[in-house]
Amino acid sequence: MHVLTTIGPDNSTKAVLPFIAGKGALSRGGSVALFAMQEATYLGAPSHVDLTELKAPGLPTVQAVLETLRTEDALDEFVVCKPCAEARGIQAADLAPWATFGGADDLARQAAGHDTTMTF
């Protein structure tokens with residue numbers, strides 16, 4: 001599954017939803033590739049946001065879902081839009097070890113490599 005998200009820590013309730021969708025792929029034996037743009041770029045830079053605080057009522061935190069995806073080897077990649085991140089003061093050194101910078105070509109590659117794309 002491919003998930004494109006633009007929702008960041010300013011909306012905790014919605015920020016967790018792309019990760020829950022990705023976890024759904026795990027329940028089917030699949031994996032997920034995430035692409036973060038705009039405010040979602042903060043989600044790939046834990047030095048800018050506490051992922052343990054981002055959650056929706058009745059759902060686990062972003063951090064908990066990420067840990068599950070990583071433990072189960074179901075997170076293919078987490079690409080952070082470089083221009084979007086840099087416009088928000090996020091640098092390569094700020095990225096989590098499981099996140100990388102990328103651009104429109106990576107977004108297109110991810111979408112082409114998956115049967116399903118979800119956007120948030």
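Here the structure is a predicted model, which means the values were calculated and not measured.
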Colleague: Any side-chain heavy atom of Val32 within less than 4.5 Å of one from Leu75?
Modeller: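 Yes, at least one pair of side-chain atoms sits under 4.5 Å.
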Colleague: Using 4.0 Å as the upper bound for N to carboxylate O, is an ion pair formed by Glu39 and Lys14?
Modeller: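 Salt bridge flag = no for Glu39 with Lys14.
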Colleague: Any link between Val49 and Phe101 through a network of hydrophobic side chains (Ile, Leu, Val, Met, Phe, Trp, Tyr) touching at under 4.5 Å?
Modeller: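 Yes, one cluster joins them.
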Colleague: Do Gln63 and Glu53 have side-chain heavy atoms sitting under 4.5 Å apart?
Modeller: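 Heavy-atom side-chain distance check fails, nothing below 4.5 Å.
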Colleague: Say whether Phe35 and Tyr42 are linked into one hydrophobic cluster, either directly or through other cluster members, by side-chain heavy-atom distances under 4.5 angstrom.
Modeller: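 No.
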Colleague: Within a radius of less than 6.0 Å around CG of Asp73, do more than 12 heavy atoms belonging to other residues, nucleotides or ligands occur?
Modeller: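 At most 12 heavy atoms, drawn from other residues, nucleotides or ligands, come within 6.0 Å of this atom.
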Colleague: Which heavy atom of Ile90 sits nearest to which heavy atom of Ala45, and what is that distance?
Modeller: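 Heavy atoms only, the tightest pair is CG2-CB, 3.8 Å.
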Colleague: Side-chain heavy atoms nearer than 4.5 Å, only ILVMFWY residues, links allowed to pass through others: does that put Phe78 and Met118 together?
Modeller: yes
Colleague: Taking atom CG of Asp76 and atom CE of Met1, what is their separation to the nearest 0.5 Å?
Modeller: 11.5 Å
Colleague: Examine distances only and state if a side-chain atom of Ser27 and a backbone atom of Gly24 form a donor-acceptor pair shorter than 3.5 Å.
Modeller: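 Yes, Ser27 side chain to Gly24 backbone: donor-acceptor pair under 3.5 Å.
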Colleague: Which heavy-atom pair separates Thr13 from Pro57 by the least distance, and what is that distance?
Modeller: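 That would be OG1-CD, 4.2 Å.
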Colleague: Do side-chain atoms of Thr6 reach the backbone of Phe120 as a donor and acceptor pair under 3.5 angstrom?
Modeller: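 Looks like yes, one N/O pair under 3.5 Å.
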Colleague: If you compare all heavy atoms of Gly44 against all heavy atoms of Val80, which two are closest, and at what distance to 0.1 Å?
Modeller: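 Scanning both residues, the minimum pair turns out to be CA-CG2, 4.1 Å.
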Colleague: Tell me, do Ile7 and Leu17 make a side-chain contact under 4.5 Å, heavy atoms counted?
Modeller: no
Colleague: Taking the side chain as every heavy atom from C-beta outward, state whether Ile20 and Pro60 have any pair of such atoms under 4.5 Å apart.
Modeller: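 Ile20 vs Pro60: side chains touch.
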Colleague: Measure the spacing between CZ of Arg28 and OG1 of Thr116 and express it to the nearest 0.5 Å.
Modeller: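 With rounding to 0.5 Å, CZ (Arg28) is 6.0 Å from OG1 (Thr116).
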Colleague: Between Ala74 and Gly30, which heavy-atom pair has the shortest distance, and what is it?
Modeller: CB-O, 3.9 Å
Colleague: Can you tell me if Asp10 has over 12 outside heavy atoms packed within less than 6.0 Å of its CG?
Modeller: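 Atom CG in Asp10 is crowded, with more than 12 foreign heavy atoms closer than 6.0 Å.
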Colleague: Check Val3 against Pro18 and note the closest heavy-atom contact, atom names and distance.
Modeller: CG1-CB, 3.6 Å
Colleague: Any donor and acceptor pair, going by atom type alone, linking the side chain of Ser12 with main-chain N or O of Pro9 inside 3.5 Å?
Modeller: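 No; judged by distance alone, with no hydrogens or angles, the pair does not exist.
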Colleague: Out of curiosity, Lys23 NZ to Thr68 OG1, how far, rounded to the nearest 0.5 Å?
Modeller: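 Spacing of NZ (Lys23) from OG1 (Thr68) equals 4.5 Å.
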Colleague: Rounded at 0.5 Å granularity, tell me how far CZ in Phe19 sits from CG in Leu34.
Modeller: 5.5 Å
Colleague: To the closest 0.5 Å, what do you measure between CG (Leu95) and NZ (Lys82)?
Modeller: 10.0 Å
Colleague: For the residue pair Ala25 and Ser31, what are the closest heavy atoms and their distance?
Modeller: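 Smallest heavy-atom distance, with atoms named: CB-O, 3.7 Å.
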Colleague: Quick check for you: to the nearest 0.5 Å, what is the distance between Trp98 atom CH2 and Leu66 atom CG?
Modeller: 4.5 Å
Colleague: Is any side-chain heavy atom of Leu54 closer than 4.5 Å to a side-chain heavy atom of Leu43?
Modeller: yes
Colleague: Does the side chain of His2 come within less than 4.5 Å of Leu107's, by heavy atoms?
Modeller: yes
